[in-house]
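Worksheet: one structure, shown below.
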Amino acid sequence: MPKRTGFIAWYDTLISSFSIEDLFVRKRPPGPSRTIFINQPLPDSYYDKNHRVLKAHQYNPNQVITSKYTLFTFLPRNLLEQYRRTANVFFTFIAILQFIPKFATISPALVLLPLVVVLGMTGSKDAYEDIKRHQSDRVVNFSEVRVLEGPGYVNHNAMAPKSKTFVRALTKRIGKRKLPKAEDKGVQALTIPAPPEAVDKSAPLRSSDVSDAEFDDDLAADPSGAGPPAHWKGTTWEDLRVGDFVKIVDHESIPADILICATSEDENVAFVETKNLDGETNLKSRHAVPALTHLRNAADCADPKNVFRIECDRPEVQMHKLAATVVINDERHPVDLQTTLLRGTVLRNTTWVIGIVMYTGLDTKLVLNAGGTPSKRGKVERQMNPMVLANLVLLGVMAVVCGVVDTILEHHYYPKQAPWLFRDNRSGDNPSINGLITLLFAFITFQNVVPISLYISIEFVRGCQAAFIYFDGDMYYRKTDSPALARTFTLSDDLGQIEYIFSDKTGTLTQNAMVFRRASVGGRVYVDEEPEPEETLPAVGKSPDPSTASADMRTSGSETGTPQETSNSPEADAVQLSGGVLRHFRSLQISREIEAAAADIRSPDRDRHGQYWTTLALCHTVLVGTDRRTGLLDYKAQSPDEAALVQAAADVGFEFRGRDRDVLILRTPFARDPLRFQLLNILEFTSVRKRMSVVVRQLGEGDRPGDYPILLLCKGADNVIFERLAPGGEELKAVTEEQLGGFANEGLRTLTLAHRVVPEDEYNSWVERYRIAIASLDDREGEIEQVSEEIERNLLLLGATAIEDKLQDGVPEAIADLKTAGIKVWVLTGDKLETAIAIGKSTNLIAREANIIIIRGGGEGASIYAQMLRAAEEYFPGSNITDDSEVNTESLGAHDEENAERRASQLFPLRRLSTGATSLVGSQNGERPGGYVLVIDGLALDDALKDESHKHLLLRLSMLCEAVVCCRVSPKQKALVVRLVRDGLDTMTLAIGDGANDVSMIQAADVGVGISGEEGLQAVNSSDYAIAQFRFLKRLLLVHGHWSYARNGNMINNFFYKNIICIGVLWWFMIYCAWSSAYVFEYTYLIFWNSFWTLCPVIAIGLFDRIVDDHVLMAIPQLYRYGREGKWFGSKLFTVFMLEGVVQSAIVFFILLYGYFSPSARNDGYDVGRLEFSTAMVISAAIVANLFNGLNTKVWTAWVFFAVFIGIVLIGAYTAIYSLIRPGRFFTPVYGNDHYLFQSAIFWFGILITALVALLPRYLYLAWSFGFNPNDLDILNWNYKIKPDLDLIHEAYRNTEENIEEQEARVPSPIPMTPHSARPGPFGRPSMQGSQIDMSTGVRSPSRGYSFAQEEYGVAMRRMQSNLSGAVPLDQGAERRSRGSNLLRTIRHPLRRK
């Protein structure tokens, strides 16, 4: 899409380039690199001569302010923002002009009143919104945290002063009030618009849990009266200082970027949820700095002997980059993200963490990635400014013409002693100066060219449209009692013009919950059988005991299995539903087969099911505890993917019971007692390996290996596993491959399972090489991968799994309809690439037959620019991107030969399929084969967004693709991508998300939508609109957006028109009054023109007009193109309406003028007076304007009838009553006018004729358009009128399918389908999968839905690795002492509070 050019684009750029925020906000730059001194004073070099800390060593406070105004800046800043409207400048000029007595027409106070009303209404709305921001800031800044305090302990590090606002002044007088309870915050936060991390309902900030003094262990105040020992004291977030020791407990949010000193867990590990930063729900492990792990209580932290310093780099905006060093006695210990807790994350599964504050407030990564509170202006308002400016130019021309002609005429007639120029020879009254005075009078006479009432009307109409959204029952979410909210009233018409939607994944498209849907075991597919709500199936191998059934609750383990409530009891009888898993896996067929296999030891199903489910139950990193409230086992997984797999194995009877260091305990239906497996090695999952393996051996009595073989259990991507299978088994491989294709077509996330028996001598030889690899200092990952390849071979295929990442209700249908409406949907997520692709398929964003172009960064392959350029050249040869002068084609040659060979060797050639469906690729969508989706990761985006040439190429390539998925992106990158599209294509954008990591994206888009669901209200607080479910976005755009845009556009055009027809009548009178700027009709008629005579019809258009009914807009999304293409408002329509107003004003003026003067209209023979014929003109103009507005209304309801005719009735009644008032009461120049008007035939016939003649062109045009050139809306309205029961949804899609079939028959596929690709899939349709093309490596492979998420190189994995038996030779491991059958012990000691 080319950028707009011309006057409107220039004007918009000029206005938008002026930043009001820069005038009032003193932006604090990110703080300097710093050295934090612990238990020691600052060096002398940090002080000036007055012993005050230098500003270079003062750090930003932890206060975060997202509000825009203070008590002192509100008035000037808000007025400057409002005076960006050109009309407001003009209205102020006119008001000032009328304070000069010579130009005063009425009281100057009355002239100022409309302007004050407009400014006051807008200012009040802005003030209300900002007060809510202040309240929201207070909720966050006044949340409490535990800080070290004690005798002799002082934090010497200096902080810059906090900012002051009027809310802060109020709170100082009121005093410190108790914060609302956690359960009440959700209600409050629904109307709070601001903070980046805000209130997370899943991790409430429980201020009531933070007492004034909290002691570690059993330490209390010294009874001798010497004072309390070192302890933890509650303080507010905003008072937190760099260098403070803090204590965070489970489920609390992290208030700043904190260095970990010690934790409650074994080996000082902590688990955090980072969804506010990257959108990922799987827990991340962090660990303490080894040199500080002795700081485990307040006394140790405050001990003066523990002296050290922390050297930190400058605050870094990159989410994955942090460098610091702890210096103790000249020994340096590195600090990175693995030893840091970032602000906005939430502590999980960890009783407590003690840490040191490194970065606060504006220096934290979360705030650095968050955008400021923007001042958004709608597109319609931006388009109105140049239109108003054009009208001002017209007004200026009219005024200049009046002034110049008046001067010329006075110079001509003054020498002739014209009586009206008597004594026009004074300094203040002469033909020369009178021209200037006439010019200024003309500005007052014709001021309604720019109507101030237009802005009042727009504000009123948009407020009502916001109420319509709120009261729409179809967007009300009963589960959370959440209606749709319009938080910004000025953007309702922007909702009808959206071209690009940028959506988060986690919590927006998905429910953050997994469901195990399919199990392919030995080539046989088992489907999850979802029970009825009241039905409860017993677990395999157990009787349907009522207690067991009642314990089979649909509650998340994350809620019940908190560390304080977890014990490790081997008597736990069953497994409760894991956190992140939506429901249990149930299959009656599996139950029968396993029961039969348990009874028959020779059953083939025994090995088939045993090997498959044992692999699922043992190949993972899940931890196990017991929930004290239910007495059931509770799985703690780093990701919901892994939890769903282990949960499914437990649901069919293969229960993982926990681990005791290197022993895994498994209960199976085939054995009376739990089996114990020695965990020898873990070959961990990475995004490069795409697989995870464990090496285990079953233990006999006394935990001795006995005669059991060594097993390698592996799970991973299908292509990775297939490459490592042993020869043979082609039939099982082919069947499994086909089943995987069917799973992928359903949008399920797949994994393939395999295993092998490892001979003992082979293992002993291998483990020696593996030990050397993990101890390597050079290229450790490469060495480990090479050694892992040696044992992960000759695998035997077991089957595959298919998990559904449960979507929000109606998401696939909503995305499909939005794409049908012509809106491009991009997904921006922090998740892994494979996860993002899987969700894209399940949500209809990526079609089954689509080909996926992958752009990766961080590898050793082609550069990002070369990858994008090669993708454009190879897959879009007709796009002429390489001919673009801004594209550098020199980077193509570097890797061409290497990648050509690599592509030639691929087993899976790229297949371009004829979809026959509507594509967003371009105008030839029905004739070009296949479709492409671009997937790009965060590292690649770093390069792609670094300069203009990269941005240009990325934008060109993205426009050629059906959709774009950006994965592994930071909040800042999300905002940069939105700005790239918004500014690069000059298009309307919408961003939707639910978390704090989406705030920057929401603020960067033209319209921001927050999900006010169950994942917190962070995004809602910074959004323009709030909805509870993604599916409501369809109705918000297609119905309310389309209606609002059509209504407002039509209303504004009609508003300009009705003022032009009035001003036109005044203008034509200039010909007959010597261009003196005199009024042709009585002044009160002009005053009431926009308030009584003609206001109601345009308001009715804005409130009640409907281009088509809502169910039609929902059924046929293609109608949205009228709004997307700007059909309802623009310079062309504005010009047409203005010209019609000019023409109709001429018809009204001249027909009535010549009617009244050819001959006289009076029956007494006297000439008519000016106010007599001019009153007929103003009444006629009002009637024409009202009826013209009515003609432009699509739907005539009772309200529209009332609005159209009320103005006509009012002006007639006013004329009759005003003409009866005698001049003795007050000056009434039209007294007696009714006697001459209402008895005159010319008055009645003149009004009738002028109305018919003026309206005839518009009526004929509308009739011809409807009868001979109808658009889609006309056809649908007519069909619905004659067939009210027409099923539009089925009728429209039936015709669409017929057209697609005809198109496919007409356009043959250019590449014939191979027999394999045409073979029906397992679910009765052809197994058509597109390909994945990795541009960094040139590898092409079929897409079968592989996706798996797990923390890579995490602390938890290293913790497990250190406990493995594979670290010692097997013969030594065989002699080790029995460890018993206890589960992993995670005994936690809660703090005692005093």
Side-chain angles (χ1 to χ4, degrees), residues 1-5 8-19 21 84 369-383 385 488 490-504 818 821-828 886 920 934 936 941 944-948 950-961 963-966 969-993 997-1010 1019 1022-1025 1033 1037 1041 1045 1120 1123-1126 1130:
M1 177 190 294
K3 287 189 176 183
R4 284 185 302 168
T5 57
I8 292 180
W10 168 83
Y11 181 85
D12 196 35
T13 303
L14 178 66
I15 296 298
S16 61
S17 62
F18 175 64
S19 175
E21 184 180 7
R84 288 191 297 180
N369 276 272
T373 304
S375 298
K376 294 184 178 181
R377 298 168 61 236
K379 183 178 179 180
V380 168
E381 183 176 338
R382 296 197 304 269
Q383 289 176 311
N385 262 350
T488 303
T490 59
L491 303 177
S492 58
D493 33 53
D494 282 356
L495 293 172
Q497 306 173 74
I498 300 300
E499 296 181 70
Y500 283 84
I501 292 176
F502 300 89
S503 175
D504 178 43
L818 291 172
I823 301 174
K824 289 79 171 177
V825 182
W826 290 26
V827 172
L828 312 180
E886 298 184 40
L920 301 179
L934 177 65
I936 182 168
L941 273 177
L945 298 173
K946 69 181 181 181
D947 57 42
E948 293 303 320
H950 281 71
K951 290 180 182 179
H952 178 75
L953 181 56
L954 174 61
L955 205 54
R956 288 289 307 271
L957 179 61
S958 301
M959 292 174 63
L960 297 171
C961 296
V964 176
V965 178
C966 301
V969 292
S970 67
K972 196 78 169 181
Q973 286 176 321
K974 290 184 177 184
L976 291 175
V977 170
V978 173
R979 292 192 187 100
L980 172 68
V981 175
R982 185 195 66 189
D983 300 334
L985 301 180
D986 191 25
T987 188
M988 293 297 294
T989 59
L990 179 146
I992 179 170
N997 60 314
D998 304 317
V999 169
S1000 297
M1001 171 178 72
I1002 286 173
Q1003 292 177 334
D1006 294 289
V1007 179
V1009 178
S1022 299
S1023 67
D1024 304 304
Y1025 293 87
L1033 183 64
L1037 297 185
Y1045 177 45
Y1120 188 77
R1124 184 169 46 80
E1125 296 171 1

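Side-chain atoms are counted along with the backbone in the values below, which use heavy atoms only and exclude waters and symmetry mates. One is the number of the first residue; the rest follow in order along the sequence.
- Nearest heavy-atom pair, P971 versus S1000, reported as atom, atom and distance to 0.1 Å: O-CB, 3.7 Å.
- In plain terms, the two heavy atoms of Q497 and Y1120 that are nearest each other are N-OH, 3.3 Å.
- In plain terms, the two heavy atoms of Y1045 and D493 that are nearest each other are CB-O, 3.4 Å.
- Remark: side-chain polar atoms of R979 are not paired, donor with acceptor, to backbone N or O of A1004 under 3.5 angstrom.
- Just one residue in the list L976, L980, L828, L954 forms a side-chain contact (heavy atoms from CB on, under 4.5 Å) with L941, and that residue is L954.
- For the pair D494 (side chain) and K379 (backbone), a donor-acceptor distance under 3.5 Å is present.
- Counting only heavy atoms from C-beta outward, the side chains of V1009 and I1002 never approach each other to under 4.5 Å.
- Shown here for A1005 and T989, the closest heavy-atom pair between the two residues is CA-OG1, 3.6 Å.
- Each of I501, V964, V965 was evaluated against W826; a single residue qualifies, V964, per the side-chain contact (heavy atoms from CB on, under 4.5 Å) test.
- Every residue two or more places apart in sequence or in another chain that forms a salt bridge (charged side-chain N to carboxylate O under 4.0 Å, His left out) with R956 is listed here: D884.
- Rounding to the nearest 0.5 Å gives a distance of 9.5 Å between CZ of F502 and CG of L990.
- Here R982 contributes atom CZ and T987 contributes atom OG1; the two are 11.0 Å apart, rounded to the nearest 0.5 Å.
- Legend: residues meeting salt bridge (charged side-chain N to carboxylate O under 4.0 Å, His left out) with D1006, ordered by chain and number and at least two apart, are absent.
- Checking side-chain atoms of Y1025 against main-chain N and O of S492 turns up a donor-acceptor pair under 3.5 Å.
- One distance of note links CZ of R382 with NZ of K376; it measures 11.0 Å at 0.5 Å rounding.
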*asked:* Test side chain to side chain contact (heavy atoms under 4.5 Å, CB included) on L945 and V977; report intermediate values, then the result.
replied: CA-CA 8 Å; L945 298 173; V977 170; 4.3 Å; yes
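- Rounded to the nearest 0.5 Å, atoms CD1 (I498) and NZ (K824) are 12.5 Å apart.
- The distance from the CZ atom of R377 to the CG atom of N385 is 5.0 Å, given to the nearest 0.5 Å.
- When side chains are defined from C-beta on, N997 counts as touching D504, because their heavy atoms get closer than 4.5 Å.
- Taken from NZ in K974 to OG in S503, the straight-line distance is 8.5 Å, to the nearest 0.5 Å.
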